[in-house]
Amino acid sequence: MASNKEFEGPASSEEYVEDYNELIHVRREKLDELRNSGVEPFGRKFNAANYSEQIVNNFEEYEGKYVSVAGRIMAKRGHGKASFANLQDAEGYIQIYARLNDMGEENYEIFKSLDMGDIVGVEGTVFKTKKGEVTVAIEKLTILAKSLRPLPEKWHGLKDVDLRYRQRYMDLVVNPEVRQTFILRSKVIQFIRNFLVEKDFLEVETPMMHPIPGGAAARPFITYHNTLDMDLYLRIAPELYLKRLIVGGFEKVFEINRNFRNEGISTKHNPEFTMLELYQAYADYDDMMKLTEELVTLAAEQVLGEAQLCFQGTEISFNTPWEKIPMLEAVKRFSGLDFNILKSDNEVRNAAKELGLEVDDNDTWGMVLDKVFEEKVEPNLIQPTFIVDYPIEISPLAKKKEEEPGLTYRFELFINGWEMANAFSELNDPIDQKERFLSQLKKRDAGDDEAHMMDEDYINALEYGMPPAGGLGIGIDRLIMLFTNSASIRDVILFPLMRPKD
RNA sequence: GAGCCAUUAGCUCAGUUGGCAGAGCACCUGACUUUUAAUCAGGGUGUCCCAGGUUCGAGCCCUGGAUGGCUCACCA
């Protein structure tokens with residue numbers, strides 16, 4: 001297997017060429033001038049006692065008070081012997097005012113030399129200008145970091161999507177809505193943590209590097225450990241490790257972390273993405289449905305203020321209870337095909353072909369059902385909808401239904417036509433599980449490199465006895481996309497994967 | 001992986017029929033002591049993504065390539 005044993009790093013020192021234009025040149029000169037006049041342009045520390053918005057929103061309280069703020073110069077308006085600038089900090093921005101008479105010539109010259117993007121600390125008193133803007137009159141100015149590159153344009157911001165993703169730091173500086181997206185993302189994840197911890201779930205961390213990748217049908221990334229001289233796989237799902245913990249006696253566990261899948265990139269797929277997975281002993285998939293409903297609805301209420309939102313023009317309501325449709329019924333409703341009547345592999349293959357779908361001659365009843373579902377049903381599931389009872393062939397880790405052994409106690413949640421969650425009553429019969437793995441291996445032998453591998457140790461764990469359990473996975477990035485009205489998954493991932501520019 | 005589109009100054013963008021490379025912001029010089037997309041006067045700072053080709057002449061046309069976006073494929 002191909003491993004990255006031959007690591008080629010970035011350019012060597014000889015190959016490195018500095019990019020250097022007029023604007024950078026000017027700032028480097030200003031840097032030198034500051035140093036020559038005894039001012040250190042890169043500070044060590046500054047005790048900012050106040051935040052911009054706190055002062056702006058509580059002017060009466062702060063008027064005439066001495067405050068200290070720190071941040072980035074985002075706009076400058078010089079007037080000869082007096083100047084204004086906007087200082088942007090973590091909360092917003094506040095105007096600062098420099099006056100020759102108050103600061104003295106030397107300090108005023110330093111203020112005048114400031115560039116957009118410079119990071120400064122300001123101490124002074126709060127007042128309101130004639131035009132009514134809350135402002136800090138500078139008494140002391142400290143340069144904390146000289147900015148050596150020009151900022152993107154103040155009015156249009158940074159629009160080039162390529163640059164925004166590659167240089168997210170600049171995107172965050174100049175596009176305030178981007179900052180809001182990631183603050184909201186953090187709030188949602190924080191909410192989920194609190195929600196689960198309050199329900200006595202234990203947050204755990206399981207391996208990212210797996211000797212055998214499992215828990216999902218996906219192609220893994222391969223990496224290599226030098227000392228052990230072995231290939232390892234970046235995990236495609238934490239599932240099998242989390243269930244080992246249920247075997248071990250933890251009754252409620254969850255993990256919020258990255259999965260890695262070596263597959264196509266799209267507006268809904270990033271090679272690394274964040275999943276919530278949780279497992280609850282002695283529960284089943286009905287409990288998982290209730291939990292999912294509660295978690296998503298409360299997250300929306302808590303973070304958005306209401307249990308509904310508008311995504312790219314589509315109104316979505318989280319009002320419970322959400323619709324619950326058996327997969328067979330959903331397929332019948334949207335495609336007209338009744339898989340209760342069409343029983344043989346051959347019958348369903350022909351029926352699917354008549355609908356214009358591409359089916360493989362090896363596709364079984366359940367696989368065809370899944371294909372028809374994806375094609376004909378998924379795009380219609382706009383409001384939160386649970387699709388329940390998936391076929392066994394595509395659910396190798398789910399418990400089979402007692403009365404319908406071709407189906408499993410599994411559901412997926414769809415919102416806006418996207419798969420948002422996947423859950424089931426976990427298969428805890430080790431003999432059945434081993435057979436499922438064996439049939440997955442047959443698929444691998446037939447060329448399906450996304451089929452599960454045999455995980456002997458996982459079977460071993462089940463053989464000691466795993467309590468019946470409900471398991472749930474929620475795609476966090478897609479949830480955040482909905483909550484932040486982001487059309488692309490890259491807009492909710494701080495540093496999405498990009499090809500190197502050269 | 002395929003199709004379509006994009007790539008021009010630090011940023012946002014124009015660029016006509018193939019005929020001297022443009023604007024706004026930013027930047028530089030000067031004026032201005034409550035401005036706020038500050039204003040006023042002056043200054044264009046460029047590997048037109050890269051490499052070839054056609055042409056008297058290419059930002060523009062052709063071929064190949066790079067990166068990105070969208071759609072499709074892939075991806076439960």
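The sequence lines fix the lettering, A, B, ..., with proteins before strands; numbering per chain opens at 1.
In this structure, A:Glu29 atom CD and B:U29 atom C1' are separated by 14 Å, rounded to whole Å. A:Asp162 has its CG atom 6 Å from the P atom of B:G68, to the nearest Å. Following rounding to the nearest Å, A:Leu87 (CG) and B:U36 (C1') show an atom-to-atom distance of 15 Å. A straight line from CD of A:Glu105 to C1' of B:U33 spans 14 Å, rounded to a whole angstrom. Between the CG atom of A:Leu357 and the P atom of B:A73 there is a distance of 11 Å, given to the nearest Å. As a whole-Å value, the separation of A:Lys128 NZ from B:U35 P is 15 Å. For the pair A:Ile265 CD1 and B:A73 C1', the computed distance is 14 Å after rounding to whole Å. In this structure, the CD atom of A:Glu133 is 15 Å from the P atom of B:U34, given to the nearest Å.
Panel note: side chain A:Asp389, backbone A:Met327; no donor-acceptor pair is recorded below 3.5 Å. Checking side-chain atoms of A:Asp160 against main-chain N and O of A:Leu163 turns up a donor-acceptor pair under 3.5 Å. Under the 3.5 Å distance criterion, the side-chain polar atoms of A:Asp429 are matched with a main-chain donor or acceptor of A:Asp432.
Distance check on atom P: B:G46 versus B:A31 gives 27 Å, rounded to whole Å. A gap of 34 Å separates the P atoms of B:U16 and B:G1, to the nearest Å. Rounded to the nearest Å, the gap between the P atom of B:G18 and that of B:C62 is 11 Å. Between the P atoms of B:U34 and B:U29, the separation comes to 23 Å (whole Å). Comparing the C1' positions of B:G44 and B:C50 gives a spacing of 25 Å, expressed to the nearest Å. Across the C1' atoms, B:A58 and B:C49 are found 16 Å apart, a figure rounded to whole Å. Look at the P atom in both B:G3 and B:A9: the space between them is 28 Å, to the nearest Å. A gap of 12 Å separates the P atoms of B:A26 and B:C40, to the nearest Å.
Each of A:Glu277, A:Glu255, A:Glu272 was compared with A:Arg235 under the salt bridge (Lys or Arg N to Asp or Glu O under 4.0 Å) criterion, and only A:Glu255 meets it. Screening A:Tyr409, A:Phe386, A:Tyr279, A:Phe424 for a ring pair (Phe, Tyr, Trp, His ring centres under 6.0 Å) involving A:Tyr285 leaves a single residue, A:Tyr409.
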Pairs: protein N or O with nucleotides 2-6 of chain B N or O, under 3.5 Å:
none

Could you list all N or O pairs between the protein and nucleotides 7-14 of chain B that sit under 3.5 Å apart?
| from | atom 1 | to | atom 2 | distance (Å) |
| --- | --- | --- | --- | --- |
| B:C11 | O2' | A:Glu153 | N | 3.1 |
| B:C11 | O2' | A:Gly157 | O | 3.1 |
| B:U12 | OP1 | A:Lys159 | N | 3.0 |
| B:U12 | OP1 | A:Asp160 | N | 2.8 |

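Closest-nucleotide positions on RNA chain B for A:Glu419 and A:Ser488 were compared, and the one nearer the 5' end corresponds to A:Ser488.
With B:A26, B:A76, B:C28 as the choices, the nucleotide that has an atom nearest any side-chain atom of A:Ala216 turns out to be B:A76. Checked against B:U34, B:A38, B:C27, the side chain of A:Phe84 finds its nearest nucleotide in B:U34. Distances from the side chain of A:Lys130 to the nucleotides B:A37, B:A76, B:U34 place B:U34 closest. The nucleotide whose nearest atom lies closest to any side-chain atom of A:Arg499 is, among B:A76, B:A37, B:G1, B:G1. Considering only side-chain atoms of A:Asp115, the nucleotide from B:A76, B:C27, B:A26 that sits closest is B:C27.
Phosphate contact (OP1/OP2 of B:A38, side-chain N/O of A:Arg77, threshold under 4.0 Å): present. For A:Lys131, no side-chain nitrogen or oxygen approaches OP1 or OP2 of B:U34 to under 4.0 Å. OP1 and OP2 of B:A37 both lie 4.0 Å or more from every side-chain N or O belonging to A:Lys76. Taking only side-chain nitrogens and oxygens, A:Arg149 never comes nearer than 4.0 Å to OP1 or OP2 of B:C27.
Contact check for A:Cys310 versus A:Ile316: no side-chain heavy atoms found under the 4.5 Å cut-off. Between A:Pro391 and A:Phe339, the closest side-chain pair of non-hydrogen atoms is not below 4.5 Å. Looking at A:Leu355 and A:Glu375, their side chains never come closer than 4.5 Å, going by heavy atoms from C-beta outward. Between A:Phe127 and A:Tyr97 there is a side-chain heavy-atom pair separated by less than 4.5 Å. Side-chain contact between A:Thr292 and A:Leu295 is absent, with no heavy atoms from C-beta onward closer than 4.5 Å. Inter-residue side-chain proximity for A:Val331 and A:Lys376 is flagged as unmet; no heavy-atom pair is nearer than 4.5 Å.
Side-chain N/O atoms of A:Gln95 and base N/O atoms of B:U35 include a donor-acceptor pair closer than 3.5 Å. At a cut-off of 3.5 angstrom, the base of B:U33 holds at least one donor-acceptor pair with the side chain of A:Asn101.
When heavy atoms are screened at a 4.0 angstrom cut-off, A:Thr267 is found touching the sugar-phosphate backbone but no base atom. Residue contacts shown for A:Arg164 are absent, as no nucleic acid heavy atom lies under 4.0 Å away. Using a 4.0 Å heavy-atom cutoff across all strands shown, A:Tyr165 reaches sugar-phosphate atoms only and no base atom. Within the nucleic acid shown, A:Lys30 comes within 4.0 Å of sugar-phosphate atoms alone, with no base atom in reach, counting heavy atoms only. Note on A:Tyr390: nothing from the nucleic acid sits closer than 4.0 angstrom, heavy atoms only.
Here the closest non-hydrogen pair linking A:His452 and A:Gln440 is N-OE1, 2.9 Å. Contact between A:Arg166 and A:Arg499 at its shortest, heavy atoms only, is NH1-O, 2.5 Å. Closest heavy-atom contact between A:Lys30 and A:Asp115: NZ-OD1, 2.7 Å.
Aromatic ring orientation, A:Tyr390 versus A:Phe373: perpendicular (interplanar angle above 60°, classes split at 30° and 60°).
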Output the pairing pattern of RNA chain B as a dot-bracket string, 5' first, Watson-Crick or G-U wobble with both distances under 3.5 Å, | for cross-strand pairs, [ ] for crossing pairs.
(((((((..((((.....[..))))((((((.......))))).)...(((((..]....))))))))))))....
